[in-house]
2 protein chains.
Amino acid sequence: MSKIQTSTAKRRKMSDIRKDNLKQILLSAENLFAERGYTSTTISAIASQAGLPKANVLYYFKTKETLYKEVLTQLLVLWMQHMDEMTSEQHPNEALPRYILQKMKQSKQHPNASRIFAAEILHGAPYLREQLQTDLKAQFIKTCQVFHDWIAKKWMDPISPEHLLFLIWSSTQAYSDYALQSSLLMDKEELGDNDFETGLELISRLVLKGCGINLV
Amino acid sequence: MSKIQTSTAKRRKMSDIRKDNLKQILLSAENLFAERGYTSTTISAIASQAGLPKANVLYYFKTKETLYKEVLTQLLVLWMQHMDEMTSEQHPNEALPRYILQKMKQSKQHPNASRIFAAEILHGAPYLREQLQTDLKAQFIKTCQVFHDWIAKKWMDPISPEHLLFLIWSSTQAYSDYALQSSLLMDKEELGDNDFETGLELISRLVLKGCGINLV
DNA sequence: TAAAATTCTGACCCCTCGGTCAGGTTTTGG
DNA sequence: CCAAAACCTGACCGAGGGGTCAGAATTTTA
């Protein structure tokens with residue numbers, strides 16, 4: 001079968017094939033890990049969804065764990081995005097809703113990432129602990145400092161920065177982690193654009209009003 | 001060993017032993033399911049934590065699935081508690097903070113329940129779907145109606161009842177589901193009373209102020 | 001174009017886990 | 001007190017999963 005490859009196919013450099021395969025494996029892995037969790041996902045399931053034999057997947061990733069870790073690190077980068085776009089100089093009236101919007105977009109566009117992340121934390125973050133304590137924590141502290149500055153400038157009420165962040169994270173992330181529950185309760189196949197829109201508005205509203213952030 | 005039982009031990013009625021064993025099994029199962037998830041939890045792990053031989057666990061619960069379902073249904077009851085304590089007659093100024101308080105208490109006192117629930121939803125709610133669509137949904141609709149009534153009475157701003165509930169659920173539940181992340185970020189062994197307190201106050205504050213609920 | 005390096009894969013191994021079962025022990029009922 | 005019922009358990013089994021490996025196929029290098 002591979003012998004009858006056309007010259008067009010042959011012209012593709014091997015590194016391209018390698019990239020394609022890696023991409024396919026990572027993609028399938030992400031889907032399955034999100035859907036079934038780490039242990040319930042079998043290498044052969046990933047392989048068959050990626051259109052490769054199992055042994056070939058093991059050729060690219062020596063172990064299941066390696067593959068999972070790879071998926072995770074890609075994921076954390078995504079998850080941390082946008083946090084650093086909030087600065088002390090900006091007014092929270094603008095910066096906060098923008099951040100919330102970004103988080104909602106992520107829940108909508110990358111629900112798998114959110115779900116794997118959630119499952120990992122839920123089960124003790126065995127593979128993410130390190131990075132949580134270093135990378136994420138550094139960013140967390142910075143962001144809390146920004147909130148502190150805003151409070152000092154009287155731009156918002158003196159609430160707990162840490163817990164405010166937790167609330168924003170959990171309520172936005174719910175739109176991927178708990179999307180199934182929501183859609184079941186609201187008799188929908190799945191959440192639609194308007195649901196994300198309504199959620200976004202509600203969260204922004206509660207945060208702004210609740211923190212006493214004045215509309216300019 | 002069991003032959004040398006003292007008369008005191010013998011005096012215990014069998015049904016008591018049965019109850020004890022069931023309780024132990026259910027308890028161990030809950031712990032382990034919460035910690036490791038369904039697939040990673042082995043029957044022998046449950047057995048050894050319950051201090052029983054594996055075959056004995058299988059005597060009480062024919063299959064692992066049966067045991068899991070039992071844990072789940074107990075759990076859902078707990079999870080749905082207190083929602084029906086909010087009624088149209090009460091002022092949201094009282095009823096909402098009370099509900100939020102109850103949810104926070106649950107996150108603190110029954111983190112395992114919350115976590116198993118979260119994991120189940122995260123992975124498609126294969127065993128809980130039915131009950132979500134019937135029991136929980138009925139309660140959900142009732143509660144949304146209560147919120148609607150409050151809005152009609154001008155006791156609160158016209159926000160989306162559904163999404164307000166989602167926010168309350170997710171932000172309170174985060175104090176068990178994401179407790180690990182929070183404690184890692186804040187350099188603590190685990191969350192303390194004051195953390196739950198601060199979280200509770202923040203959530204209540206945002207909800208009340210955000211929904212324009214006037215302090216009496 | 002031949003040899004070296006890389007990539008691919010079917011067949012196989014081993015171990016764990018859910019579940020069974022035969023036979024033993026304890027409790028209950030008459 | 002004895003038989004029937006309920007309860008308990010060590011030993012075993014089959015399936016499925018992660019991972020290995022020898023060698024084939026393909027690409028690169030010289």
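Within every chain, numbering begins at 1; the chains are lettered A, B, ... in the order of the sequence lines, protein sequences first and strands thereafter. Values in this document were obtained by computation on a predicted structure and should not be read as measured data.
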For B:Ala55 and A:Lys64, take the nucleotide of DNA chain D holding the closest heavy atom to each; which residue's nucleotide lies nearer the 5' end?
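Comparing both residues, the 5'-ward one is B:Ala55.
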Rounded to whole Å, please give me the gap between [atom1] in [X] and [atom2] in [N].
X       : N      : atom1 : atom2 : result
B:Asn56 : D:dC8  : CG    : P     : 5 Å
A:Glu65 : D:dG17 : CD    : P     : 19 Å
A:Phe61 : D:dT20 : CZ    : C1'   : 19 Å
A:Leu52 : C:dC8  : CG    : P     : 8 Å
A:Lys19 : C:dT7  : NZ    : P     : 13 Å
B:Leu67 : C:dG19 : CG    : C1'   : 14 Å
B:Ile17 : D:dA5  : CD1   : P     : 21 Å

Can you list, in residue-number order, the parts of residues 29-47 of chain B that come under 4.0 Å of DNA chain C, counting heavy atoms only?
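Output list: B:Thr41, B:Thr42, B:Ile43.
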Do A:Asp20 and A:Gln24 meet the criterion of a side-chain donor-acceptor pair at a distance under 3.5 Å?
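There is no such pair between these side chains.
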Going by distance alone, is a donor N or O of one side chain under 3.5 Å from an acceptor N or O of the other, for B:Ser40 and A:Thr39?
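Yes, a side-chain donor-acceptor pair sits under 3.5 Å.
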Think [X] has a side-chain N or O under 4.0 angstrom from the OP1 or OP2 of [N]?
X       : N      : value
B:Tyr59 : C:dT20 : no
B:Asn21 : D:dC8  : yes
B:Arg18 : D:dA6  : no

Out of [options], which nucleotide sits closest to the side chain of [X]?
X       : options               : result
A:Thr63 : C:dC8, C:dG19, D:dG19 : D:dG19
A:Pro53 : C:dG10, C:dT7, D:dC8  : C:dG10
B:Leu58 : C:dT20, C:dT7, C:dG10 : C:dT20

Residues which pass salt bridge (charged side-chain N to carboxylate O under 4.0 Å, His left out) with B:Lys69, listed by chain and number, not counting sequence neighbours
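Partners of B:Lys69 by the salt bridge (charged side-chain N to carboxylate O under 4.0 Å, His left out) criterion, ordered by chain and then number, come out as B:Glu65.
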Pairs under 3.5 angstrom only: tabulate donor-acceptor contacts from the side chains of residues 131-138 of chain A to other protein residues two or more places apart or in another chain.
{"residue": "A:Thr134", "atom": "OG1", "partner": "A:Glu130", "partner atom": "O", "Å": "3.1"}
{"residue": "A:Lys137", "atom": "NZ", "partner": "B:Asp187", "partner atom": "OD1", "Å": "2.8"}
{"residue": "A:Lys137", "atom": "NZ", "partner": "B:Asp187", "partner atom": "OD2", "Å": "2.6"}

Can you tell me how the ring of B:Phe166 sits relative to the ring of B:His163, calling it parallel under 30°, perpendicular over 60° and tilted otherwise?
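Ring orientation of B:Phe166 relative to B:His163: perpendicular.
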Does the plane of the ring in A:Phe33 sit parallel, tilted or perpendicular to the ring in A:Tyr68? Use 30° and 60° as the thresholds.
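Because their plane-to-plane angle is over 60°, the rings of A:Phe33 and A:Tyr68 count as perpendicular.
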Quick check: any donor-acceptor pair below 3.5 Å linking the side-chain of B:Lys62 to the base of C:dG19?
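Check fails, no donor-acceptor contact within cut-off.
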Straight-line distance of A:Ser182 OG to B:Phe140 CZ, nearest 0.5 Å
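If we round to the nearest 0.5 Å, A:Ser182:OG and B:Phe140:CZ are 7.5 Å apart.
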